[in-house]
Asker: 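Below you will find the structure I want to go over with you.
Letters A, B, ... mirror the listed sequences (proteins, then strands); counts begin at 1. Here the structure is a predicted model, which is why all the values come from computation and not from measurement.
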4 protein chains.
Amino acid sequence: MPRVSEEHLERRRRQILDAAQLCFARKGFNATSMQDVFTESGMSAGAVYRYFASKDQIIWALVAPTLGPLRERLAAYIRTEQTPTPAEVIRMLTREIVARSGPDGPLRLAPQVWALALVQPDAAAIPVRESIAGMRELWLEYAIRMRELGWVPDDTDADALAKAMFGLLPGFILQHLLLNDVTPDDFARGVEVMLPGPRP
Amino acid sequence: MPRVSEEHLERRRRQILDAAQLCFARKGFNATSMQDVFTESGMSAGAVYRYFASKDQIIWALVAPTLGPLRERLAAYIRTEQTPTPAEVIRMLTREIVARSGPDGPLRLAPQVWALALVQPDAAAIPVRESIAGMRELWLEYAIRMRELGWVPDDTDADALAKAMFGLLPGFILQHLLLNDVTPDDFARGVEVMLPGPRP
Amino acid sequence: MPRVSEEHLERRRRQILDAAQLCFARKGFNATSMQDVFTESGMSAGAVYRYFASKDQIIWALVAPTLGPLRERLAAYIRTEQTPTPAEVIRMLTREIVARSGPDGPLRLAPQVWALALVQPDAAAIPVRESIAGMRELWLEYAIRMRELGWVPDDTDADALAKAMFGLLPGFILQHLLLNDVTPDDFARGVEVMLPGPRP
Amino acid sequence: MPRVSEEHLERRRRQILDAAQLCFARKGFNATSMQDVFTESGMSAGAVYRYFASKDQIIWALVAPTLGPLRERLAAYIRTEQTPTPAEVIRMLTREIVARSGPDGPLRLAPQVWALALVQPDAAAIPVRESIAGMRELWLEYAIRMRELGWVPDDTDADALAKAMFGLLPGFILQHLLLNDVTPDDFARGVEVMLPGPRP
DNA sequence: TATGAATGAGGTTTCATTCAT
DNA sequence: CATGAATGAAACCTCATTCAT
């Protein structure tokens, strides 16, 4: 069935990535065999390899969507006119995380991606590092805004604050995925105690 | 009457675990072959398999020491007479983390352990879950103490606060291991802004 | 009434064979994938398979032209009125070989064809055997003529002489292709020492 | 069965090489699967790969013995006190060739090795080229001796003569392997016509 | 008790060929 | 007629584990 539309190709790619996502979320990168991906996607070996040159390529193609969208949401949210309080930001983000943590949600891969990045030759892990660094920059932007708004003392080290606030997210992801006993509201309430918004 | 001393057996086990630790930290659980462990430990295949029944057994034997000692330190620290401030606790813990994150430090395996636990059948992951849950219980204990000391409002949801505070640690570990640009002091300073200690 | 001209069909076949020739000369029969042939010929898989039923068919279609023309040239040359001396014959043939040994020359396939014939079921290799046998018959014809002309003793075993003379060619081909330090003149000069022509 | 003798290891290597030799001679390098080698050798995949890192390594390990011993025989023969005539040298060498051309004889691989060398990146083919060049050097040595002995004219181009004489061997190998109708005596008789020894 | 050679299932990937469009 | 996406068998190789010595 030659001469297929661009759209068809994209659909095939998605078909593979969705299948791989599911497999990886269930069994992990390594325990998932390419055969698993073939079966789950309903495609043949040759077909899959027409779209991705190797298993690694599939894995890396799933890395970007893991953290990218989260970052965009954060960027949009902290730049609204009415700057949200830390608790509000955290509630929004953790809700986003929960929404993307379903059996086929990209965030289910996050811990695996972290582990992978730690173990990969430096070059290969760059996208992961940049993804994390990019997210943290947004938190820095937000920390500065907090200082401007007088929510934290004028002499606050915004960088340090950003590192700490960013640090909350992996902790939420882990607790959510592993213990499954933390809700966005829980977490936001906890953060509310730590970081109040506008002082009355 | 065993042919070899108990001590000898323990030394052998350590020899294997140390070698495996190093290999796993360098290449990850999956990319590390048993041959790597044989070579690194200077032992033969048969010798290693006399002490551990499988590769998995070695991996799981390394999981407990990953988080266990950290928990003990936290327990000791928050139970001192002069309750430390949150920033002090975080500084102490992150220092501990840094100290255990060297090339052969157990904490270098943490992200891999998280990833493993997510992907393993539920039963197998229980130790990891318990380890995390146990750590969080200490944070709950500490949150309650904070409330008692009046560091946080009386109506504070201690459970939520514990979840949030605990959540900081994975974030520090990740930033430290992946970006390597966060010091315990940075982090503590950030937390200080969030969670003050005794009110003046 | 065919839809396309005979000429068109022939042109297509040539297009494929030329592309395959080049690929085979560069990478060998086995390392050349059909995809290589598709790309080099600028044709699609389906198109190529319309003209040749299989990769093997393409290979065998290239075998005949490898040695055939050489044979015709030899036939023509030794049958001229003024019988050429052995050195002259060799010079002519080796020149022909050099001319056909360019990057896309059929003779670059010769060693591969020999190897193939040795390994193929007997039936399949018949064309190669016949090609070689046919060439050697011409040498026999020439050896007999040499004897008639008194260039070699009357009791010369023409068959043995033919086998020896024929044997020179593969040696030249190999040296030329692999070492690339033998010219037709070199070789002819060497042969001149071995086999003089008309005695003064 | 650890702690095996050096001899045992060597026997294993031979076992693999012999099996591979046979397979390669029967089906060619490419049509021979590693599974064929496992089966023929009676060894398992893992066992074979303990001795050779790849199929290529096995192939190249078979290349040296293809031409090496022939060269040694030639060296010894032409350096005897009583220099043999060309026909005698050829008879000796072709006998050697025949002896090594059985179903499991290394010379059955010669044409495949030639083909391989033509198609391999330059570096990989160096051993083949050197093997051929080394053989030809011996012929040069012999050609010079012929000139010294007055068997050929004083102004003979020894280099050219060496190239021509060497050229006879591949031709014999091919005729012997492919047509199987040439005996060493045939060939020597043919050469005798071409190149006489001591003039009466 | 220690050794390390051996096993063999299973992993990823390739590629000649087909056939719906 | 042409296209090129799809097939799927089979290739090479790895590696956790065993067990004869």
Asker: What I'd like to find out is whether the side chain of D:V128 reaches to under 4.5 Å of the side chain of D:L116, using heavy atoms alone.
Answerer: no
Asker: Of A:G46 and D:Y51, whose nearest nucleotide on DNA chain E comes first from the 5' end?
Answerer: D:Y51
Asker: Are D:I58 and D:Y51 close enough that some pair of their side-chain heavy atoms sits under 4.5 Å apart?
Answerer: no
Asker: If you only use heavy atoms from C-beta on, which nucleotide in F:dC13, E:dA5, E:dA2 is closest to the side chain of B:A45?
Answerer: E:dA5
Asker: If you assign each of B:D56 and D:F29 to its closest nucleotide in DNA chain F, which residue comes earlier from the 5' end?
Answerer: D:F29
Asker: Whole angstroms only, please: what is the CG-P distance between D:N30 and F:dA10?
Answerer: 17 Å
Asker: Mind checking A:F52 for me? I need base, sugar-phosphate or nothing, with any heavy atom below 4.0 Å counting as a touch.
Answerer: nothing
Asker: Looking at residues 58-66 of chain A, who's got a heavy atom less than 4.0 Å off DNA chain F?
Answerer: none
Asker: What is the distance from atom CD of B:Q112 to atom CG of B:L177, rounded to the nearest 0.5 Å?
Answerer: 10.0 Å
Asker: With a 4.5 Å limit on heavy-atom distance, are the side chains of A:I16 and A:R13 in contact?
Answerer: no
Asker: Would you indicate which nucleotide in E:dA5, F:dA6, F:dC13 comes nearest to any side-chain atom of D:R50?
Answerer: E:dA5
Asker: I need the single residue from D:F24, D:W114, D:W60 that forms a ring-ring contact (aromatic ring centres under 6.0 Å, His included) with D:F29. Which is it?
Answerer: D:F24
Asker: Before giving the answer on salt bridge (charged side-chain N to carboxylate O under 4.0 Å, His left out), spell out for D:R11 and D:E7 the whole-Å C-alpha distance, their side-chain angles and the decisive distance to 0.1 Å.
Answerer: CA-CA 6 Å; D:R11 207 161 46 230; D:E7 179 206 12; 3.4 Å; yes
Asker: Quick one: which of F:dA6, E:dT12, E:dA16 gets closest to the side chain of A:K55?
Answerer: E:dT12
Asker: With respect to the phosphate group of F:dC15, does any side-chain polar atom (N or O) of D:Y49 fall under 4.0 Å of OP1 or OP2?
Answerer: no
Asker: Looking at F:dA6, I'd like to know if its phosphate oxygens (OP1 or OP2) sit under 4.0 Å from a side-chain N or O belonging to A:H8.
Answerer: yes
Asker: Tell me which residues in residues 31-44 of chain C lie within less than 4.0 Å of DNA chain E, going by non-hydrogen atoms.
Answerer: C:T32, C:S33, C:M34, C:F38
Asker: Is the shortest side-chain heavy-atom distance between C:S131 and C:V63 below 4.5 Å?
Answerer: no
Asker: Could you tell me how far apart B:Q57 (CD) and F:dT18 (C1') are, to the nearest whole angstrom?
Answerer: 16 Å
Asker: Name all pairs fulfilling the side-chain hydrogen bond (donor to acceptor under 3.5 Å, both in side chains) condition that reach into residues 30-50 of chain B, sequence neighbours left out, sorted by first residue then second.
Answerer: B:R26-B:E40, B:K27-B:D36, B:S33-B:D36, B:Q35-B:T39
Asker: F:dA6 P sits how many Å from A:R11 CZ, rounded?
Answerer: 10 Å
Asker: In Å, rounded to the nearest 0.5 Å, how long is the span from CG of A:D104 to SG of A:C23?
Answerer: 11.5 Å
Asker: Going by purine N1 to pyrimidine N3 plus the second Watson-Crick contact, or the G-U wobble pair, all under 3.5 Å, which nucleotide sits opposite F:dA9?
Answerer: E:dT14
Asker: At under 4.0 Å, does any side-chain N or O of B:R12 touch on OP1 or OP2 of E:dA2?
Answerer: yes
Asker: Under 3.5 Å for both donor-acceptor distances, Watson-Crick or wobble: does E:dA2 have a partner, and if so which one?
Answerer: F:dT21
